[in-house]
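Chain letters run A, B, ... following the sequence lines, proteins first, then strands; residues in each count from 1.
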Number of protein chains: 2
Amino acid sequence: MSHAPAIRTRGRPLATAEQDVRASLLDAALVRFAERGIAATSMAQIAKQAGVTPAMVHYYFSNRDRLLDALVEERVAPLIEQVWTATDDEVADPRLLLQGVIARMIAGVASRPWLPPLWIGEILNESGLLRARLFARLPLPRLRALAESLGALQARGDLHPDINPQLVFVSVLGLAMLPFAAAGQQRRLPIGLTLEPDAVARHATALLLHGLRPAPR
Amino acid sequence: MSHAPAIRTRGRPLATAEQDVRASLLDAALVRFAERGIAATSMAQIAKQAGVTPAMVHYYFSNRDRLLDALVEERVAPLIEQVWTATDDEVADPRLLLQGVIARMIAGVASRPWLPPLWIGEILNESGLLRARLFARLPLPRLRALAESLGALQARGDLHPDINPQLVFVSVLGLAMLPFAAAGQQRRLPIGLTLEPDAVARHATALLLHGLRPAPR
DNA sequence: AGATTAATTAACGATATCGTTAATTTCAAG
DNA sequence: CTTGAAATTAACGATATCGTTAATTAATCT
């Protein structure tokens, strides 16, 4: 499954292979958390996935809470930062911003299969175990600004009155992230469809901007 | 939290109160599964939530697997059936059908707070523990028919070419169900928004049909 | 070289969990 | 009334899990 296990013996290992155990524990945790959920994953399972003993988790992270802290700090938060790093064009036009956010989100997903289940299950979900930790790091001002620019569009009559600007970002997650959570590592939906990241990005963008209407013009 | 506990004593209880223990075990399971996930919920926790001893779960359902079977059979499948029971009008026009499906979905959610987290986490999610059980009962023909009518629209140029008809139903779940999973029992999003079922239905429908564009005409 | 520090596995004890069985009580049928 | 079936709690034993400590080995510093 993961890297070559290379029989581990008691005592400090030789410095030959550049095996960063701490990093591989974080990776292992992400894999298992994405697969079975945080609450259902034991420390021992993480250690096993990483090919080390449970005591290593204690050695590097002291306890479960600190492991979660490290995960958020080192793996998840940087991604959120990246998704919300917008160009000036995007800041000026909420539709452009949404397009950019979707594109960066899905680009992030492509190289991080653990992201969608984790985001949906442990961050977005009310009782997700990363939610509180990540909430402090969310770019709330940007979310608010987005809702406000959409509200301005709406006031001008440039947006359907039934749309709720405050719900738009959750809708983006539903359109861009949820399909990947549903498809899993194999990127296949139960109906038999294979998910191409680019195609999902185009679909989500088109649906968000135009809905099920003809292409404009 | 739940009904009055009424001190239980050993032996068969008096037949006064009409307490359907089996039903209340199913309810309790749904509550806990929605809250912490199936994999992380022990039988004992379910029994405790229902106010009975763990042995009752064994008595009524034999084991965890059978409990899940009963849950799907008696609580979830009927709902799916209801959501997909469409009028003739809806069968003729995919946009109408989607509108109806969203309305019925959200109506179902209103009285069943456990539904959104369960659907998102245990059915839609790739490693969800109800997925395989429910898959056999999904109305696949209707899903396929929906995708096909949308494809027909698209071929006529009445639908943006970037839309993927096969992704539309997942998009519906993302728009109509995910917000409730994110808001939890309190129906409040972390940004402070309170979710009114009707408002969410209107938002999801508008976004799906028109996107972030002005209202037509 | 010697001493100290880093990294690792083995092993343990306390606690929790699962499924099951025995005991107990009430209901229902003859 | 009596007898058998239904419904329930208590209690148990096997197994797992968590976090921790001790032992062991390699690297690094002096």
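Donor-acceptor pairing under 3.5 Å is recorded for the side chains of A:His203 and B:Ser171. Neither side chain, A:Arg36 nor A:Thr41, offers a donor N or O lying under 3.5 Å from an acceptor on the other.
One can place CE of A:Met56 at 14 Å from C1' of D:dT24, the figure rounded to the nearest angstrom. Between the P atom of C:dA7 and the OH atom of A:Tyr59 lies a distance of 4 Å, rounded to the nearest Å. The distance from atom CZ of A:Phe61 to atom C1' of C:dA7 is 14 Å, rounded to the nearest whole Å.
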- Between protein and nucleotides 13-19 of chain C, map the contacts as a letter string: B base, S sugar-phosphate only, - none, heavy atoms under 4.0 Å, written 5' to 3'. ----SSS
Determine all donor-acceptor pairs shorter than 3.5 Å in which one atom belongs to a side chain in residues 102-116 of chain A; sequence neighbours excluded.
residue	atom	partner	partner atom	Å
A:Arg104	NE	A:Val83	O	2.8
A:Arg104	NE	A:Thr85	O	3.4
A:Arg104	NH1	A:Glu90	OE1	3.3
A:Arg104	NH1	A:Glu90	OE2	3.3
A:Arg104	NH2	A:Val83	O	3.2
A:Arg104	NH2	A:Glu90	OE1	3.0
A:Arg112	NH1	A:Gly108	O	3.1

- Stepwise, does the salt bridge (Lys or Arg N to Asp or Glu O under 4.0 Å) test hold for A:Arg66 with A:Glu73? CA-CA 10 Å; A:Arg66 299 258 197 95; A:Glu73 174 79 25; over 6 Å; no
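Closest approach to the A:Ala55 side chain among C:dT8, D:dT21, D:dT9 is made by D:dT21 (side chain taken as heavy atoms from C-beta onward).
For the pair A:Asp65 and A:Arg133, the minimum side-chain heavy-atom distance is below 4.5 Å.
A:Ile38 and A:Arg64 make their closest contact through O-NH2, 2.9 Å (heavy atoms, listed as atom of the first residue, atom of the second, distance).
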